Each structure stands twice: as structure tokens, then as C-alpha cells.
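Take a look at the structure set out below.
Computed from a prediction, not measured in an experiment: that's the story for all the values here. To find a chain, count down the sequence lines: A is the first, B the second, and so on, and within it residues start at 1. Every heavy atom of this structure was used, including side-chain atoms; hydrogens, water molecules and symmetry mates were not.
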2 protein chains.
Amino acid sequence: MVLSGGDAAFRVSVDVVALTVLDDRLSVLVSRRAEPPYRGRWGLPGCDLVHDEDLEATARRALRERTGRATSSARIEQLATYGAPRRDPRRRTVSVAWLAVLPVLAEPGGGRAWKPADRLLASGRLAFDHGRLLADGVERARAKLEYSNIATAFLEPEFTIAALRGIYEVVWGHRLDAGNFHRKVTRTDGFVEPTGRRRQTGRGRPAELFRAGAEESLHPPLTRRSFEQRSVDLGSPVRRHPARGAGHGLVRGA
Amino acid sequence: MVLSGGDAAFRVSVDVVALTVLDDRLSVLVSRRAEPPYRGRWGLPGCDLVHDEDLEATARRALRERTGRATSSARIEQLATYGAPRRDPRRRTVSVAWLAVLPVLAEPGGGRAWKPADRLLASGRLAFDHGRLLADGVERARAKLEYSNIATAFLEPEFTIAALRGIYEVVWGHRLDAGNFHRKVTRTDGFVEPTGRRRQTGRGRPAELFRAGAEESLHPPLTRRSFEQRSVDLGSPVRRHPARGAGHGLVRGA
DNA sequence: ACAAAAGTGTTGAGCGTACACCCATGG
DNA sequence: CCATGGGTGTACGCTCAACACTTTTGT
């Protein structure tokens with residue numbers, strides 16, 4: 001860190017890949033750009049770094065401005081920094097990207113929307129290099145489900161094991177065995193802790209409610225590896241409930 | 001990413017946590033600062049971002065300037081970005097940190113040195129927030145040994161399985177069973193591939209030489225988890241050869 | 001009574017650990 | 001010949017995938 005003779009200075013911004021699960025799809029918060037460059041394309045929430053504000057505080061501010069909510073409960077972590085010389089055609093900009101995971105919120109409105117991540121990626125209609133940011137964020141989330149309790153951040157403070165399983169199924173894109181998942185989750189120290197309450201789900205036996213445990217990292221991890229060798233249909237959501245009218249049950253496991 | 005009315009601009013720098021294994025110790029490249037701030041402390045190699053240069057190119061430049069060598073062979077990956085308002089007392093600076101892993105090079109000279117990472121961390125005599133950068137870099141390296149082939153980046157292109165095991169032992173700080181390690185490494189697809197050559201090591205049966213395989217990520221991973229429950233002596237290096245004169249053999253496994 | 005969802009039991013395959021043992025070389 | 005390090009064989013224990021089965025509700 002040598003102080004150069006000159007004083008080259010750059011714009012520094014923060015962009016947030018905010019993920020949630022909405023209608024059984026992994027979805028990301030974007031807003032349609034009203035101004036050039038990339039007018040009409042979708043952009044991730046972001047804002048410029050300002051004097052005396054921490055990077056993480058800046059990311060939380062970007063998220064708060066776009067969701068219109070207090071986001072102190074959102075789980076947030078740094079993703080990576082993107083600084084290719086011409087990634088912003090106006091001016092050289094170094095952007096620190098953050099991954100945020102949060103439970104479903106009200107629709108944000110005002111040109112902003114939760115859009116399915118896979119569709120948005122496939123459409124190629126993201127501004128700047130936000131397609132890469134989103135892809136990196138999704139991959140990070142997928143990986144972290146294996147060895148951290150980040151899945152609980154997609155849910156309200158109290159949740160059922162089935163709801164937690166639903167997060168894994170949607171983010172990983174394949175179904176999991178309910179029984180084995182239940183055992184694995186409840187027996188991994190610090191992953192979830194029982195509240196003693198139950199939830200009426202409608203049909204079926206009422207499920208116990210849990211909250212996130214103290215342990216951030218899971219040992220041993222859950223593994224998606226063994227499933228990846230199987231074909232995964234990325235084009236359609238993992239339907240967690242049979243389509244109305246169509247009576248075909250979904251196969252379990254292989 | 002909204003263009004603010006003002007034009008706040010920041011110094012952007014790149015710092016490199018360059019790791020190697022020297023004398024059975026995980027070591028990091030540092031240079032003694034000749035100028036304030038932090039005169040006399042140890043600093044990581046770094047340089048300022050300049051117009052039209054990629055972040056990764058900047059990191060490689062910093063490494064090259066400090067090692068005096070072509071470092072195209074070094075494995076390099078982004079670590080994290082540090083931007084606390086007063087991390088540099090002179091001017092607000094956002095620093096993108098990179099992790100580099102490379103084989104032992106000649107001593108760099110000129111106030112630069114390879115220093116054992118653990119001692120340097122314990123001494124607290126690093127400049128700026130470089131202690132945190134170093135701690136994060138070491139933890140990243142430790143974690144990546146589990147599920148990537150990054151250990152091969154510490155070695156020359158051709159190496160023995162025992163040398164590879166030595167990297168794991170030094171970085172993780174405990175000994176591994178030689179037989180099981182050999183089996184695990186040679187049977188994990190894409191980790192290493194045989195060259196057909198052998199190396200005369202002096203004593204003992206000559207070891208086969210391998211080179212790094214094509215696969216970046218290991219499935220299934222090696223695991224340090226099972227060892228973490230055991231006590232680990234962080235204060236002294238894992239001696240891979242018995243001390244001269246002291247005839248005590250090191251126990252294997254538990 | 002039946003369907004559906006929650007949760008438990010059971011079993012077989014695979015993997016990791018521990019450690020015995022053989023191989024190939026230097027002294 | 002022995003010592004040393006390279007490399008293989010083997011057995012035990014644990015975990016996980018698969019799936020049968022029981023529990024508890026709504027209709």
C-alpha cells in the first residue's frame with residue numbers, strides 16, 4: 001500500500017444481490033432503469049459510497065431504500081468486488097457487491113420487483129455486469145446452504161422443518177427426502193432449536209415450530225453433491241404442491 | 001447503482017496476501033515500511049489502482065513488483081474488500097484484497113521477507129488493518145484445502161504425494177496419516193495425475209511424481225473437521241522431520 | 001374412513017480412520 | 001543387514017440414502 005505520487009480517484013459503489021423465495025422460486029430484487037445507460041433493463045439495488053460510511057452500512061442503506069423496510073434482520077455478507085475498466089460506460093466505477101438473504105416482504109412497488117433469478121439470468125436483460133453479480137450471488141447462496149444455516153434467513157423467525165426443506169428444494173432445484181432431512185436438521189448441533197409450539201398447516205399432522213440455532217456453520221454439512229449427478233430441470237420451479245387438477249404425485253428421491 | 005449528483009471519489013488500492021510454505025511454516029510476503037504511517041511495521045504488498053487496469057492485473061503487478069519475479073504461475077483469487085472510513089489515516093481508501101499462493105521463491109531482499117503467518121499475527125506488528133487481511137487470507141487458504149486443489153499451488157509443477165501432504169500438515173497444523181492421504185488424493189478424480197517419473201529422495205523408496213489435475217474442486221472433499229476436535233499446537237511448526245539430535249519420533253494420528 | 005403431511009425405524013452401501021504390512025532404496 | 005520413507009490391504013464404525021411405517025390432523 002504505497003501512496004502514489006498522483007491522486008487517482010475512483011467512484012466506489014455498492015450493489016446488493018437481495019434474494020428471497022417467492023412462490024417457490026428463488027427471486028432477486030431488481031428495479032427497472034428509467035435513465036440511460038441501460039434504460040429499460042433491470043438493475044440491482046445499489047448506491048454510491050459516501051464519506052464516513054462503512055461498506056456494510058452502505059449496502060444496508062441500498063437495501064433499505066429499495067425495500068422501504070427496516071432490513072436489520074436481513075442476513076448480509078460481502079460477495080466480491082467488480083472493477084473492470086469499462087463496466088460502467090460513464091465513469092470508472094469499482095463496485096463492492098453484497099449478498100442479502102431475507103424472508104418474503106411485501107411487493108416493493110415503484111418499478112421495483114422480485115423476479116425469478118433463473119429467468120432474469122436467462123433473459124440477459126440485466127444492466128451493467130449485474131448478470132455476473134447475480135450469478136455469483138446465486139452460486140454463493142447455493143453453496144452456503146451446504147455448510148451454514150443461511151437457509152433460515154429466508155424464513156420468518158419461527159418456521160417448520162418442512163418450510164426449511166422448501167428453501168433447500170427451491171434453491172438447489174431438486175426435492176429432498178422429508179424424513180432424512182428432518183433427522184439431519186434436528187440432529188445437527190446448533191442448526192435449529194425447538195420452540196415447543198406447533199403450527200396448523202391445514203391438512204396433515206401439525207408441524208413443530210423451530211427457530212434458528214446459534215451455530216452459523218454446520219458440521220457435518222448437508223450435501224447437494226450426491227444430487228447434482230442427477231438431471232436437474234432448471235427451467236421450471238420445483239413445485240412443492242401438486243398442480244391443481246393435475247393429480248400426478250411427484251416422485252421422491254431418484 | 002444510481003449516479004449521485006456529486007462526484008465523491010476514493011482512493012482504491014489492492015493488497016495481496018501472498019502465501020507460501022517455507023521451512024515447514026506457512027509464510028506470508030511482507031515488507032517493512034520505511035515511511036509513516038506505521039513506519040517500521042510490516043505491510044502486505046499492494047499498490048494503487050490505476051486508470052484502465054483490471055483489479056486482478058493490479059494485484060499481479062503488486063506481487064511482481066515485490067517478488068521481482070514473473071508471477072503468472074501464482075494462483076490468485078479475490079479475498080474481500082476492506083473500506084472502513086479510517087483504515088488509512090491519510091485518506092479514505094478502499095482496498096481490494098487478494099490471496100496468492102505460490103511455491104517457495106528466492107528470498108526477495110530489500111526489506112521484504114517471508115515471515116511465518118502465525119507469528120506475524122501474534123506479534124500484532126502489521127500496518128493498517130493488514131492483520132485482519134492476513135487472518136482472513138489464512139483462513140481462506142485453510143478452508144480451500146478441503147474442497148479445492150489449491151494445495152498444489154504451493155508446490156512446483158511436479159511434486160510427490162508426501163510433499164502435498166506436507167502442505168496440508170503445515171497449513172492445517174496437524175499431521176495426517178500418510179497411507180490414507182495417499183489413497184484419498186490419488187483416488188479423487190482430477191486432483192493429481194501421475195507423470196510416470198520418480199524422485200530420489202535420499203532415504204526410503206523413491207516416490208512417484210505427480211502434477212496437478214484438471215479439476216479445481218474436490219469431490220468428496222478432504223476434511224479437517226475431524227481433526228479440529230483434537231488439540232492443535234499453534235505455537236510451533238508441525239515438524240515434518242524429527243529435530244536433529246532429539247530422537248523422539250512423532251506419533252501418528254491421535 | 002381416507003388423504004395428507006409430520007416424524008421415526010430400519011437396513012444396506014460407501015467412506016474414513018486406524019493400523020498392519022509389504023516395497024524400494026541408502027547407509 | 002537395518003532404517004527410512006512410499007505405498008497397499010483390511011477391518012471396524014459411522015453416516016447417509018432409501019423407504020417402510022406410525023402419528024396426527026382435515027375433509
Next on the checklist: Is the phosphate of C/dA6 approached by A/Arg165 (side-chain N or O, under 4.0 Å from OP1 or OP2)?
Outcome noted: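 So the side-chain polar atoms of A/Arg165 do come within 4.0 Å of the phosphate oxygens OP1 or OP2 of C/dA6, strictly under.
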Next on the checklist: Counting only side-chain nitrogens and oxygens, does A/His182 get under 4.0 Å of the OP1 or OP2 atom of C/dG7?
Outcome noted: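 For A/His182, the contact criterion (side-chain N or O under 4.0 Å from OP1 or OP2 of C/dG7) is met.
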[X] [atom1] to [N] [atom2], straight-line distance once rounded to whole Å:
X	N	atom1	atom2	answer
A/Arg175	D/dA17	CZ	P	16 Å
B/Glu208	C/dT25	CD	P	12 Å
B/Arg183	C/dC19	CZ	C1'	10 Å
B/Ile161	C/dA24	CD1	P	18 Å
A/Lys184	C/dA6	NZ	P	20 Å
A/Asp189	D/dT15	CG	C1'	15 Å
B/Arg197	D/dG6	CZ	P	19 Å
B/Arg199	D/dG7	CZ	C1'	17 Å

Checklist entry - Does a side-chain N-to-carboxylate-O contact under 4.0 Å join A/Asp136 and A/Arg132? => result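 Looking at A/Arg132 together with A/Asp136, the answer is yes, because their closest N to O distance falls below 4.0 Å.
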Checklist entry - Would you call A/Arg224 and A/Glu139 a salt bridge, using N to O less than 4.0 angstrom? => result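 Between A/Glu139 and A/Arg224 there is a salt bridge, with a charged N closer than 4.0 Å to a carboxylate O.
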Next on the checklist: Within a 6.0 Å radius of atom CZ on A/Arg211, are there more than 12 heavy atoms belonging to other residues, nucleotides or ligands?
Outcome noted: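 Buried by this count: over 12 neighbours within 6.0 Å.
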Checklist entry - Of A/Gly179 and A/Arg198, whose nearest nucleotide on DNA chain D comes first from the 5' end? => result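 Its nucleotide being nearer the 5' end, the pick is A/Gly179.
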Checklist entry - Do B/Val185 and B/Arg165 touch side chain to side chain, with heavy atoms closer than 4.5 Å? => result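 Contact flag for B/Val185/B/Arg165 side chains = no.
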Which nucleotide in the list [options] gets nearest to the side chain of [X]?
X	options	answer
A/Ala207	D/dA18, C/dA6, C/dT17	C/dA6
B/Asp177	D/dG6, C/dC19, C/dG16	C/dC19
B/Pro206	C/dA24, C/dA6, C/dC19	C/dA24
B/Arg205	D/dC16, C/dC23, D/dT25	C/dC23

Item to check | 5' precedence on DNA chain C between B/Asn180 and A/Thr186 (nearest-nucleotide basis) | outcome: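 Comparing both residues, the 5'-ward one is A/Thr186.
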Checklist entry - More 5' along DNA chain C: A/Phe210 or B/Gly204, using each one's nearest nucleotide? => result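 Result of the comparison: A/Phe210.
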Checklist entry - Could a donor-acceptor pair under 3.5 angstrom be found where the side chain of B/Arg203 meets the base of D/dG6? => result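 By the distance-only test, no, there is no pair.
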Item to check | Shortest non-hydrogen contact between A/Leu79 and A/Leu133, atoms and distance | outcome: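 Closest pair (atom of A/Leu79, atom of A/Leu133, distance): CD2-O, 3.8 Å.
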